[in-house]
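Report on one structure; see the data block that follows.
Predicted, not measured: the structure shown is a model, and the values here were computed from it. Order of the sequence lines sets the chain letters (A, B, ...), proteins ahead of strands, with each chain counted from 1.
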Number of protein chains: 2
Amino acid sequence: MACEREQFTKLIEQKNLRATEARCRILELLHETHEHYTPEEMLEALRERGKPLSIATLYQNLAKLADAGLIARIVGPDGHTRYDVNTLPHHHLVCKVCGRMLDVGVEGPLQDLRPVALYDDEEDPATWRLGEVHLEFHGVCPACQARLAEAAEASD
Amino acid sequence: MACEREQFTKLIEQKNLRATEARCRILELLHETHEHYTPEEMLEALRERGKPLSIATLYQNLAKLADAGLIARIVGPDGHTRYDVNTLPHHHLVCKVCGRMLDVGVEGPLQDLRPVALYDDEEDPATWRLGEVHLEFHGVCPACQARLAEAAEASD
DNA sequence: TTACGTGCAAACGTTTTGCACAAAC
DNA sequence: GTTTGTGCAAAACGTTTGCACGTAA
């Protein structure tokens with residue numbers, strides 16, 4: 001059974017992969033929500049949206065789609081692997097309570113930042129070939145703020 | 001057998017933990033090298049330095065030391081867990097070839113950076129309670145540069 | 001009809017846990 | 001003597017793989 005969702009079918013076939021239903025559903029989920037799902041969360045989200053996917057198929061397809069450059073594999077500070085439809089360089093806002101990640105851009109003088117050694121006996125960062133800088137803004141998402149406020153009230 | 005290394009003994013006992021030899025050796029290794037070892041690498045490094053440590057003891061002690069705030073658990077972009085003696089806010093330079101991490105500070109106008117939404121339908125980062133910003137400079141470490149240069153020559 | 005995708009179950013590497021023994025207080 | 005740490009072996013967890021079958025070109 002081929003995938004009927006035109007835009008995703010095209011994206012996938014451009015990469016010389018077969019546009020199967022499983023692949024289209026994964027791409028559709030990520031594009032529609034912009035969420036950074038862990039594989040486990042994705043399995044649950046796909047189950048809620050209709051037919052469940054087997055865990056092996058999910059992992060196999062996530063690997064294929066990531067290899068093809070259609071999605072990006074990222075690992076949050078909590079160590080959980082997540083997938084992002086945004087494969088262009090960008091930054092993240094991470095909730096330190098629940099680990100949820102949000103894609104963000106940045107306003108400000110990014111190009112003026114330079115790494116400098118922290119210790120006297122440390123090698124000089126200038127000896128590294130430098131590439132991009134990735135910013136990780138840490139914070140508490142609105143949902144966790146509400147949950148924390150509730151817990152604080154309950155303990156009064 | 002208690003640990004004799006005065007400075008580490010004190011650090012550990014201040015946190016109401018017993019300053020055992022295993023814990024002192026772990027702290028000593030991290031302080032002396034400033035390396036960001038994975039547990040597996042640490043096991044190997046400790047073996048080379050003398051008596052090996054059992055893997056269970058290593059994990060148990062890494063967890064205790066991290067809970068006590070004596071070391072920090074960090075997860076690199078490659079998904080490997082590593083430990084850092086520097087528990088103060090700081091930044092990292094990450095080798096995109098081997099995954100090695102270096103502690104760095106930053107020069108430049110950090111405080112002027114603000115996250116901004118990337119998509120039209122995205123929630124506003126301003127609704128998050130914001131904390132610190134963590135910078136991840138990506139690059140290639142000197143060792144990997146040399147290895148890459150060698151491989152390039154060999155293929156000529 | 002040949003290549004590729006799916007899903008089960010088994011294997012894998014990393015991390016955690018239960019437990020008996022040893023060491024520290 | 002009670003609490004805490006160690007180390008083995010077993011379990012748990014997330015992820016990958018082998019394989020038989022199904023589907024696509």
Side-chain angles (χ1 to χ4, degrees), chain A residues 1-5 8-27 36-47 50-68 70-71 73-83 99, chain B residues 1-5 8-27 36-47 50-68 70-71 73-83 99:
Chain A
M1 182 204 299
C3 164
E4 299 306 331
R5 298 158 235 225
F8 303 121
T9 303
K10 267 185 201 153
L11 276 173
I12 296 171
E13 291 182 342
Q14 275 166 13
K15 301 292 181 175
N16 296 315
L17 292 176
R18 289 190 187 161
T20 62
E21 204 195 353
R23 289 169 186 175
C24 287
R25 292 182 64 215
I26 292 171
L27 276 195
H36 295 62
Y37 289 106
T38 62
E40 211 57 51
E41 289 167 352
M42 219 180 283
L43 211 63
E44 173 60 20
L46 291 169
R47 188 180 306 123
K51 306 193 288 262
L53 213 55
S54 99
I55 185 106
T57 301
L58 178 62
Y59 275 105
Q60 283 160 175
N61 282 328
L62 289 174
K64 284 261 175 192
L65 294 172
D67 282 352
L70 292 174
I71 60 178
R73 177 187 208 263
I74 56 185
V75 181
D78 60 3
H80 289 288
T81 301
R82 297 169 180 277
Y83 289 85
Chain B
M1 186 205 300
C3 164
E4 300 306 330
R5 299 159 233 222
F8 302 121
T9 303
K10 267 186 200 153
L11 276 173
I12 297 170
E13 291 184 340
Q14 275 166 14
K15 300 294 182 176
N16 296 314
L17 294 175
R18 289 187 187 164
T20 62
E21 204 195 353
R23 288 169 186 174
C24 287
R25 292 181 64 213
I26 292 171
L27 276 194
H36 295 62
Y37 289 107
T38 62
E40 211 56 53
E41 289 167 352
M42 219 181 283
L43 211 61
E44 173 60 21
L46 291 170
R47 187 182 305 124
K51 305 193 289 263
L53 213 55
S54 99
I55 184 104
T57 301
L58 177 63
Y59 274 105
Q60 283 159 177
N61 283 329
L62 289 173
K64 283 260 176 192
L65 294 172
D67 282 352
L70 292 174
I71 60 178
R73 177 186 207 264
I74 56 185
V75 180
D78 61 3
H80 288 288
T81 301
R82 297 170 182 274
Y83 289 85

[X] [atom1] to [N] [atom2]: how many Å, rounded?
| X | N | atom1 | atom2 | answer |
| --- | --- | --- | --- | --- |
| A/E41 | D/dT15 | CD | P | 11 Å |
| A/R18 | D/dT23 | CZ | P | 13 Å |
| B/K51 | C/dA23 | NZ | P | 12 Å |
| A/L53 | C/dG5 | CG | P | 14 Å |
| A/L17 | D/dA25 | CG | P | 12 Å |
| A/E21 | C/dC4 | CD | C1' | 17 Å |
| A/L43 | C/dT6 | CG | P | 14 Å |
| B/R47 | D/dG7 | CZ | P | 13 Å |

Does [N] have OP1 or OP2 sitting under 4.0 Å from an N or O in the side chain of [X]?
| X | N | answer |
| --- | --- | --- |
| A/T57 | C/dG7 | yes |
| A/N61 | C/dG5 | no |
| B/T20 | D/dT6 | yes |

When rounded to the nearest 0.5 angstrom, what is the spacing between OH in A/Y59 and CG in A/L43?
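The distance works out to 8.5 Å.
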Between the protein and nucleotides 20-22 of chain C, are there any N/O to N/O pairs under 3.5 Å, and if so, what are the atom names and distances?
none

For the pair B/R73 (side chain) and B/A66 (backbone), establish whether a donor and an acceptor sit closer than 3.5 Å, ignoring hydrogens and angles.
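No, because the side chain of B/R73 does not come within donor-acceptor range (under 3.5 Å) of the backbone of B/A66.
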Between the side chain of B/R25 and the main-chain N/O of B/K51, is any donor-acceptor distance below 3.5 Å?
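Yes: the side chain of B/R25 pairs with the backbone of B/K51.
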Would you check if A/R18 and A/R23 make a side-chain contact, meaning some heavy-atom pair closer than 4.5 Å?
yes
Any heavy-atom pair between the side chains of B/T81 and B/L62 that's under 4.5 Å?
no
Among D/dG5, C/dT6, C/dC25, which is the nearest nucleotide to the side chain of B/E13?
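Out of D/dG5, C/dT6, C/dC25, the nucleotide with an atom closest to B/E13's side chain is C/dC25.
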Name all residues meeting the side-chain contact (heavy atoms from CB on, under 4.5 Å) criterion together with B/P52; count only those two or more places apart in sequence or in a different chain, and write none if there are none.
B/R47
Contact list (N/O, under 3.5 angstrom) for nucleotides 10-17 of chain C vs protein:
unit_1, atom_1, unit_2, atom_2, d
C/dT15, OP1, B/T81, OG1, 3.3
C/dT15, OP2, B/Y59, OH, 2.0
C/dT15, O5', B/Y59, OH, 3.2

Looking at every heavy atom in both B/L53 and B/A22, which two are closest together, and how far apart are they?
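Smallest heavy-atom distance, with atoms named: CD1-CB, 3.7 Å.
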